[in-house]
Asks: 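Let me give you the structure first, and then I'll get to my questions.
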Amino acid sequence: MIFLDAAATTPVRKEVLEAMWPYLTGEFGNPSSHHALGESAANALSAARATVAKAIGCRPGEITFTSGGTEADNLAVKGIALARRARDAALNRIAISAIEHPAVEESAHYLERVHGFVVDVVPVDRYGTVTPEALRSVLRPETALASIMYANNEIGTVQPVRQLSEICAEYGVPFHTDAVQAAGWLPIDAKELGVDALSISGHKLGAPKGSGVLYAKGRLRLEPLVHGGGQERGRRSGTENVAGAVALATALALATSEQSERADRVSQLRDAFIRTILETVPGALLTGHPSQRLPSVASFCFPGTSGESVLLELERLGVVCSSGSACAAGSDAPSPVLTALGIEAEVAQTAVRFSFDSTVTAAELEQAVDAVAAAVGSVQGLGKR
Ligand code: PLP
C-alpha cells in the first residue's frame, strides 16, 4: 500500500513511542500527586512543555497542552474572544478566513449563535490566499480576534502569516493561527511569525491522536473551556495526559530539527508529482497555490469523475489518499474550501488530495502517478458508457 494521506494522520514514530512508554507504564503518576511517582510525572510534563516552548520560540508558561488540534483551536477562538469581551463589551466581532478548518469555523459560529458575536469572513483569492487588503477590509475597532490558518489542510495553500499578523498588530487585534498542517513543514517560531496564538496537533507529526498544544502569548487572557481542578494554569482543567505531552514534545522536536531538510526534499517530489499528473491525466486541475503551498500536499480536481469513485479505484490499485479533509469524509456536499476559491460545485466534487509523510519516496510517487492516470481514466470511461 502507498499511503498518501499523511495530512489526515501519521503513524506514531518509534522514538516517540519509546519516549512516552515509561509514562504509560512504570512512571504512571498523576502530576498533581505529592509523592515521588507524581513528581516524576510533573517533571516529565514540565520537560515536555520546555521542549515545545523551544520549538515555538516562546516561554514554557505560554504553552497549554490540549486533547488535540480541535481543542487548541476551540480554546484559542472561544477563549480569547470571550476573555476580551468580558473586559470590553464592545469587542464583539471575530474575523476568520473563508477556508478555516471546522475547528475554527464552528467555534466562531458557536460564539455567534450562543454569545451574540458577529463573524466577519475574510475572502480568499482563487488560490486560497488571504491578501493583506482582504484582511484589512474586515478588521474593525470591535474585532476581538482574527484567526487565519497557516496552511490549509485540503489545498495546502500557505498564508503570508507574518504580513497578516503585522496588520492585526496595527489594529491591536490578537492574531491566532491554526498551524496544525504547517508544523513540521514550515518554520513555526511564534515571534518570527508575529502571532499571538498558535495551535498544533500531535498526530500529524508522529505522535498519537489526542495530543495538542496551544501557544498563547504572554498575558493574553484565555477564558477556559474546561473547568475543574485548575491544571494548565487554570487554562485547561483535567489530569494531564503526561504520555501524550511527552509524545507531542518528542515528535515536535524531531520534526522541527528535520524541518528544512524534509521540506526541501519533499517539495521537489511534490513538484515532480504535480507536473506529471498535470501532463498525464487529461483535464486534471491543480487546486491551491502553485508555489506557496505545503511541501506535503498535492491536490487536484479531475473533472468528469467523482472524487469518491477515484478514491475507491485508487485504493483498489494500492494507493490510499483522500477526497478532501478527513473531517468532511462521508459528506456529499462539495468542499466549502474549494467553493470559496470559486470552483464550481460540480468540479469541487471531483477533488482528490494526496498528502505526503516525510518518508515518501520518488519511486512511490511514480507508481502513484500511474495509478492516478489509470483510476481517473477508468472512472471517466464509466461515466461515458
Ligand atoms: N486544524 C487543521 C488545519 C487540521 O487539518 C486538523 C485535522 O485534520 C485539525 C485542525 C484538528 O486537529 P485534531 O485532529 O488534532 O483535532
Side-chain angles (χ1 to χ4, degrees), residues 3-12 16 52 63-79 96-110 124 128-130 147-159 161 176-186 188 193 195 197-215 225-226 236 241 244-245 247-249 251-252 255 287-289 293-299 320-331 335-338 340 351 353-357:
F3 181 74
L4 301 183
D5 202 15
T9 197
T10 58
V12 175
V16 171
V52 172
I63 295 298
T64 304
F65 286 110
T66 67
S67 67
T70 298
E71 191 191 328
D73 284 344
N74 272 257
L75 182 56
V77 174
K78 299 178 196 167
I96 62 170
S97 84
I99 58 166
E100 291 304 309
H101 187 273
V104 164
E105 194 196 6
E106 291 302 318
S107 294
H109 287 136
Y110 161 82
V124 292
T129 308
V130 173
S147 180
I148 294 173
M149 69 201 320
Y150 193 168
N152 183 268
N153 46 302
E154 289 183 45
I155 54 171
T157 297
V158 175
Q159 302 299 342
V161 169
H176 164 252
T177 195
D178 172 339
V180 166
Q181 293 292 343
W185 295 107
L186 304 171
I188 50 158
L193 293 173
V195 299
L198 174 145
S199 310
I200 291 178
S201 170
H203 75 102
K204 313 285 184 183
L205 292 166
K209 292 154 193 67
S211 57
V213 141
L214 177 67
Y215 154 76
L225 308 182
V226 183
R236 200 269 183 183
N241 175 3
L248 186 147
L252 186 61
T287 57
H289 200 284
R293 61 188 300 133
L294 281 172
S296 51
V297 172
S299 50
V320 175
C321 54
S322 131
S323 61
S325 72
C327 314
S331 136
S335 148
V337 170
L338 297 178
R353 175 191 72 185
F354 303 91
S355 54
F356 317 131
D357 201 348

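Ligands are counted one by one from 1 in listed order, and the atoms in each one are counted from 1 as well.
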Asks: Can you name the atoms of ligand 1, numbered from 1 with element, that are less than 4.0 Å from a heavy atom of His203?
Replies: 13 (P), 14 (O), 15 (O)
Asks: Would you mind telling me if ligand 1 is within reach of the side chain of Thr70, the backbone, both or neither, using heavy atoms under 4.0 Å?
Replies: both
Asks: Output side-chain donor-acceptor pairs under 3.5 Å for residues 176-183, partner residues at least two apart or in another chain, one line each.
Replies:
{"from": "His176", "atom 1": "ND1", "to": "Ser147", "atom 2": "OG", "distance (Å)": "2.8"}
{"from": "His176", "atom 1": "NE2", "to": "Ser199", "atom 2": "OG", "distance (Å)": "2.7"}
{"from": "Thr177", "atom 1": "OG1", "to": "Ile148", "atom 2": "O", "distance (Å)": "2.7"}
{"from": "Thr177", "atom 1": "OG1", "to": "Tyr150", "atom 2": "N", "distance (Å)": "3.0"}
{"from": "Asp178", "atom 1": "OD1", "to": "Val180", "atom 2": "N", "distance (Å)": "2.9"}
{"from": "Gln181", "atom 1": "NE2", "to": "Ala7", "atom 2": "O", "distance (Å)": "3.0"}

Asks: Have a look at ligand 1 and work out which part of Met149, if any, has a heavy atom under 4.0 Å from it: side chain, backbone, both or neither.
Replies: side chain
Asks: Do the non-hydrogen side-chain atoms of Ile99 and Gln159 ever get within less than 4.5 Å of each other?
Replies: yes
Asks: Going by the rule side-chain hydrogen bond (donor to acceptor under 3.5 Å, both in side chains), which residues pair with Thr157 if we only count those two or more places apart in sequence or in a different chain?
Replies: none
Asks: Does Lys204 have a non-hydrogen atom less than 4.0 Å from ligand 1?
Replies: yes
Asks: Within ligand 1, which atoms have a heavy atom of Asp73 less than 4.0 Å away?
Replies: 1 (N), 10 (C)
Asks: Quick one: look at Glu71 and ligand 1, take heavy-atom pairs under 4.0 Å, and tell me if it's side chain, backbone, both or neither.
Replies: neither
Asks: Give, for atom CD1 of Ile188 and atom CG of Leu193, the distance between the pair rounded to the nearest 0.5 Å.
Replies: 8.5 Å
Asks: Does an N or O anywhere in Gly68 fall below 3.5 Å from an N or O of ligand 1?
Replies: no
Asks: For atom 10 (C) of ligand 1, tell me which residue out of Thr66, Asp178, Ile200 has the closest non-hydrogen atom.
Replies: Asp178
Asks: Could you tell me whether Val104 approaches ligand 1 through its side chain, its backbone, both or neither, with non-hydrogen atoms closer than 4.0 Å?
Replies: neither
Asks: Using a 4.5 Å cut-off on heavy atoms from C-beta on, say whether the side chain of Arg293 contacts that of Ser299.
Replies: yes
Asks: Does any part of the side chain of Thr9, heavy atoms only, come nearer than 4.5 Å to the side chain of Lys204, both counted from C-beta?
Replies: no
Asks: Is any side-chain heavy atom of Asp357 less than 4.5 Å from a side-chain heavy atom of Pro11?
Replies: yes
